[in-house]
Amino acid sequence: MLIPHDTRIALATVTDLVNTAPRTHAGDGAADRLADVEALYGFLRAHDVSGVGELGERDLRAVQAVRRRFTEVVAAPDPRTAAKLINRLVAAAGTTPQLTDHDGYDWHVHYFAPGASVADHLAADGGMALAFMVVAGERERLRRCGAPDCGHAFVDLSRNRSRRYCDSRTCGNRLHVAAYRARRKEAAG
C-alpha cells in the first residue's frame, strides 16, 4: 500500500496523540501525558507542527477534545462508523486544502485553514489522513497493541497487515519471553 509521506506523518501524530491519553488498564501509571500547556508544546515540537503561536488552557482543552475524537475513530467497529466520526471531525475543523512546501519539506497538502488553531490543524490533517485509510480500504491497519498491559494505538504498515504490537522490541518481546518461560516451566514441572 502506498501511503504518501505527509499522510504517514499525520497518522503517526494521530496515534501518538491518542497514546497521550490516560489509560486505566495499562501499566504506565495511567497518567495523562497531555495534562498541561507545557506538555502540549512538547508534543507539538516532537511532531514538528508548524505555525504554533502562543497557547493557553483553551488550546489544551481543544486538543484534548480532538484526542477524544481520534480515540473514537480508532475504536470504531467498522468503516462506516469511522467515516461518520471522521466527517464530523474534519467538518468541525473547517478544512481548507492547500499545497505547501515549507520548512524544507517537499510539496504536501495542508488541510487546515491559514491561521487555524492548533486543535483545528491537528483535526484537519489527522482527520484527512484517517479518511485516506478508510478510502483505501485500510482502516484495519489502525489498531491497538496486542499486549494486554499496553493498549497503545499504532498504524500497521507491514505488507501483510500482521503487526500485533506497537513495538516488537518491547511489547512483542515481553510477551514472547513470558510465553517461553511459561512453556519451560510447564515442561520442567
Side-chain angles (χ1 to χ4, degrees), residues 1-28 32-34 43-44 46-49 63-93 95 97 99 105-112 118-176 178-179:
M1 178 176 106
L2 178 65
I3 301 176
H5 180 71
D6 54 323
T7 302
R8 285 177 185 250
I9 290 171
L11 289 169
T13 302
V14 166
T15 56
D16 288 350
L17 183 58
V18 167
N19 292 336
T20 65
R23 293 182 326 278
T24 56
H25 68 280
D28 65 358
D32 186 341
R33 294 186 324 224
L34 198 64
F43 179 85
L44 298 171
H47 291 84
D48 292 326
V49 176
V63 171
Q64 289 170 335
V66 168
R67 176 179 69 184
R68 282 190 298 277
R69 290 187 210 110
F70 284 156
T71 301
E72 291 171 353
V73 173
V74 171
D78 55 68
R80 185 166 305 284
T81 303
K84 287 179 184 176
L85 294 167
I86 293 166
N87 284 340
R88 276 189 243 140
L89 180 68
V90 297
T95 56
L99 287 166
Y105 291 104
D106 205 357
W107 287 105
H108 60 283
V109 179
H110 280 182
Y111 294 97
F112 54 92
V118 71
D120 285 346
H121 176 146
L122 293 170
D125 276 357
M128 292 307 297
L130 292 167
F132 175 82
M133 297 300 283
V134 171
V135 168
E138 300 287 353
R139 194 192 70 83
E140 72 277 358
R141 288 182 181 269
L142 184 65
R143 58 180 66 138
R144 292 286 187 167
C145 182
D149 60 342
C150 180
H152 276 118
F154 70 95
V155 179
D156 178 3
L157 297 175
S158 67
R159 283 184 190 221
N160 61 358
R161 300 179 183 116
S162 62
R163 193 169 148 203
R164 295 179 46 209
Y165 307 109
C166 64
D167 185 349
S168 60
R169 288 171 292 189
T170 54
C171 292
N173 277 347
R174 191 173 63 249
L175 287 179
H176 289 120

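Given the structure is predicted, the values throughout are model-derived calculations rather than measurements. For the single chain, residues carry numbers from 1 onward in sequence order.
One distance of note links CG of Asn87 with CG of Leu130; it measures 11.5 Å at 0.5 Å rounding. If you take CZ on Phe43 and CG on Leu17, they are separated by 4.5 Å, rounding to the nearest 0.5 Å. One distance of note links NE2 of His152 with CG of Asp167; it measures 10.5 Å at 0.5 Å rounding. Atom-to-atom distance recorded for Leu11:CG and Met128:CE is 12.0 Å, nearest 0.5 angstrom. Taken to the nearest 0.5 Å, the CD1 atom of Ile3 stands 12.0 Å off from the CD1 atom of Ile9. Separating the CD atom in Glu138 from the CG atom in Leu157 is a distance of 9.5 Å, to the nearest 0.5 Å.
With sequence neighbours excluded, the residues that form a side-chain hydrogen bond (donor to acceptor under 3.5 Å, both in side chains) with Asp78 are Thr81. Looking at residues two or more places apart in sequence or on another chain, you find a side chain to side chain contact (heavy atoms under 4.5 Å, CB included) between Ala124 and Ala93, Thr95, Tyr111, Phe112.
Residues Leu34 and Gln64 share a closest heavy-atom pair of O-NE2, 2.7 Å. Of all heavy-atom pairs spanning Val74 and Arg139, the tightest one is O-NH1, 4.2 Å. Across all their heavy atoms, Cys145 and Cys166 have their closest contact at SG-N, 3.3 Å. Of all heavy-atom pairs between Ala92 and Asp120, the closest is O-OD1, 4.1 Å. Nearest heavy atom pair, residue Ala82 against residue Val134, reads CB-CG2, 4.4 Å.
Using a 4.5 Å heavy-atom threshold, the side chains of Arg161 and Arg143 count as touching. Taking the side chain as every heavy atom from C-beta outward, Arg67 and Asp32 approach each other to under 4.5 Å. Val18 is listed as a side-chain neighbour of Arg144, based on a closest heavy-atom distance under 4.5 Å. With contacts defined as side-chain heavy-atom distances shorter than 4.5 Å, the pair Val14/Val155 does not qualify. Residues Phe70 and Leu89 meet the side-chain proximity criterion, which asks for heavy atoms closer than 4.5 Å. Contact annotation: the side chain of Asp6 never approaches that of Asp125 to less than 4.5 Å [non-hydrogen atoms, C-beta and beyond]. Counting only heavy atoms from C-beta outward, the side chains of Arg88 and Leu85 approach each other to under 4.5 Å.
Judged purely by atom type and a 3.5 angstrom limit, Arg69 has no side-chain atom pairing as donor or acceptor with the backbone of Ile86. The backbone N or O of Ala153 sits less than 3.5 Å from a side-chain atom of Asn19, completing a donor-acceptor pair. Under a 3.5 Å cut-off, the side chain of Asp156 and the backbone N or O of Arg163 do form a donor-acceptor pair. Between the side chain of Arg141 and the main chain of Met133, no donor-acceptor pair closer than 3.5 Å is present.
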